[in-house]
Amino acid sequence: VELYSFDEDYLHRLRSGDPSIEQHFISYFSKMLVIKLRSRLRSAESVDDVKQETFLRVLRALRSKDGIRSGERLGSFVNSVCNFVLLEYYRAGKREDPLEDHIADPPDRAIDLEGALVASEQKQQVREVLSRLEKKDRELLTALFLEERDKNDICRQFRVDRDYLRVLLYRAKAQFRTQFHRAN
Amino acid sequence: MDHTEAIQGSYVEKYLLGELNPAERDSFENHYFDCSICADDVYTGAVFVENARSLLRSEEAAVPARPNFPGFGLPFRAAALASVCLLAFVGYQNIVTIPSLQSGGGGGGTAHAVPRVSLVGMGSRAASRAVTLLARKNVSIDIEIPGGPEFISYECRIVDAADHVKSVVLVSTEMAKDAFALEIPGSELTPGAYRLVVVGNKSGGMQKILNSIALSVK
């Protein structure tokens with residue numbers, strides 16, 4: 001994620017149609033929105049529909065007289081607009097039903113994001129991280145990411161608790177981050 | 001939610017693992033859309049998870065899958081499956097059971113006892129139970145398959161520590177309705193660690209791992 005300071009200047013340039021800022025805005029929030037929406041929608045097309053509509057409304061609101069003026073709240077504004085679009089999308093019954101929101105630990109319904117988050121260079125970096133893991137931890141991640149099983153079952157199988165899963169992910173992510181950021 | 005709360009509560013990891021309830025998830029999203037540090041952490045984590053999933057999936061796919069017969073209808077596939085089951089049964093009888101009976105300590109044609117382990121009623125807890133086999137001795141494991149209507153058949157695979165498939169037994173949905181005895185050919189396995197992996201076959205060639213039980217051959 002390319003870091004930018006979301007301030008008044010950023011908002012002003014976005015409002016006035018500065019191409020480099022517009023490009024950054026779309027690129028930065030596309031990633032955030034895809035990550036958010038993939039757990040709520042069942043197809044890549046739906047994710048794209050909601051994302052596009054969100055951008056359209058945010059940019060329209062920014063350019064209106066009473067649009068957002070606080071740069072540091074831009075992110076939460078995008079998130080709120082997205083939530084609103086998502087609700088409308090559910091209500092309109094466009095090919096989707098909301099995923100069951102009352103389930104605290106929903107099944108993994110990750111949309112195939114090949115192209116959005118998966119790339120050969122990053123795959124190689126992840127391969128190196130996975131190769132350095134203990135066999136048990138690698139098997140644990142396989143069970144976690146590939147088998148559509150309850151996480152408590154997986155924990156029982158490997159005789160670990162839920163905290164262990166989080167710490168394992170945290171460590172693997174930290175190792176990956178070093179290479180990922182160096183390459184980027 | 002502020003940044004300190006997000007960090008102290010391991011919200012990034014919980015979010016990536018799908019462990020937050022809807023209210024917590026909404027609150028954390030509202031935070032990380034504004035917080036570039038958490039946003040970067042979520043993005044890095046999501047990239048890691050998706051690439052790891054893609055890598056592990058391709059490694060899983062490298063395990064030879066049951067061939068699919070596109071263009072042939074269900075009756076043909078059912079007949080083909082029945083033939084394969086029969087072939088596997090006859091082959092198993094010829095390769096394992098009959099030679100074992102002929103050369104076993106009990107003498108040719110004499111009934112003999114086979115060690116038996118029951119995993120019935122344990123459900124997914126069976127995965128936490130390691131089964132120990134003695135080399136050169138067969139063992140019978142009573143298992144039940146946690147199947148579902150989406151499966152057209154099941155496979156019980158014995159895989160070694162390097163994930164090489166040592167043997168496969170096809171199980172029909174009919175047989176999987178109840179617990180059944182699966183005879184593990186300990187006589188065919190060298191000492192070491194193995195796993196009994198139960199796989200559900202879906203139409204269209206898709207497969208899903210349903211259970212994985214550790215086997216230790218001494």
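Since this is a predicted model, take the numbers as computed values, not measurements. Each chain gets a letter, A, B and so on, in the order the sequences are listed, and its residues count up from 1.
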Within 6.0 Å of OH in A/Y164, more than 12 heavy atoms from elsewhere: yes

A/N79 side chain vs B/F33 backbone, donor-acceptor pair below 3.5 Å: no

Any chance CZ of A/R171 has more than 12 other-residue heavy atoms, nucleotides or ligands included, within less than 6.0 Å? no

Do A/K173 and B/D41 have side-chain heavy atoms sitting under 4.5 Å apart? yes

Pairwise side-chain contact, B/S54 with A/F145, heavy-atom cut-off 4.5 Å (strictly under): no

Counting only heavy atoms closer than 4.5 Å, note whether A/L130 contacts chain B via side chain, backbone, both or neither. side chain

Any side-chain heavy atom of B/K14 within less than 4.5 Å of one from A/R162? no

Under 3.5 Å, is there a donor-acceptor pair between the side chain of A/R166 and the main chain of B/E13? no

Check this for me: A/E8, atom CD, are more than 12 non-hydrogen atoms of other residues, nucleotides or ligands nearer than 6.0 Å? yes

Highest number of heavy-atom pairs under 4.5 Å with chain A: which of B/L16, B/N30, B/V12? B/N30

Donor-acceptor contact below 3.5 Å, side chain B/N51 vs main chain A/V126: no

Is the shortest side-chain heavy-atom distance between A/R73 and B/D34 below 4.5 Å? yes

Using non-hydrogen atoms only, which part of A/A172 is less than 4.5 Å away from chain B: side chain, backbone, both, or neither? both

So, do A/M32 and B/Y32 sit near enough that their side-chain heavy atoms are less than 4.5 Å apart? yes

Can a salt bridge be assigned to the pair B/E29 and A/R40 using a cut-off of 4.0 Å between side-chain N and carboxylate O? yes

Pairs satisfying salt bridge (charged side-chain N to carboxylate O under 4.0 Å, His left out), at least one member in residues 134-143 of chain A, at least two apart: A/K135-A/E139, A/R138-B/E59

Working note: A/R38 + B/E50, criterion salt bridge (charged side-chain N to carboxylate O under 4.0 Å, His left out); need CA distance, chi angles, decisive distance, verdict. CA-CA 12 Å; A/R38 69 196 177 128; B/E50 288 309 316; 2.4 Å; yes

Tell me, which pairs form a ring pair (Phe, Tyr, Trp, His ring centres under 6.0 Å) where one or both residues lie in residues 58-78 of chain A, sequence neighbours left out? none

Hey, does the side chain of A/K151 reach the backbone of B/L17 with a donor-acceptor pair shorter than 3.5 angstrom? yes

Which portion of A/V129 sits near chain B, non-hydrogen atoms under 4.5 angstrom: side chain

Side-chain contact, heavy-atom cut-off 4.5 Å: B/R25 with A/K36? no

Which bit of A/L33 is near chain B, if near means a heavy-atom gap under 4.5 Å: side chain, backbone, both or neither? both

If every non-hydrogen atom of B/A39 is compared with every non-hydrogen atom of A/Y28, which pair is closest and at what distance? CB-OH, 3.4 Å

Would you say A/H12 has more than 12 foreign heavy atoms packed within less than 6.0 Å of its NE2? no

Could you grab the distance from atom CG of A/L146 to atom CG of B/L56, nearest 0.5 Å is fine? 5.0 Å

Could you grab the distance from atom CZ of A/R177 to atom OG1 of B/T44, nearest 0.5 Å is fine? 4.5 Å

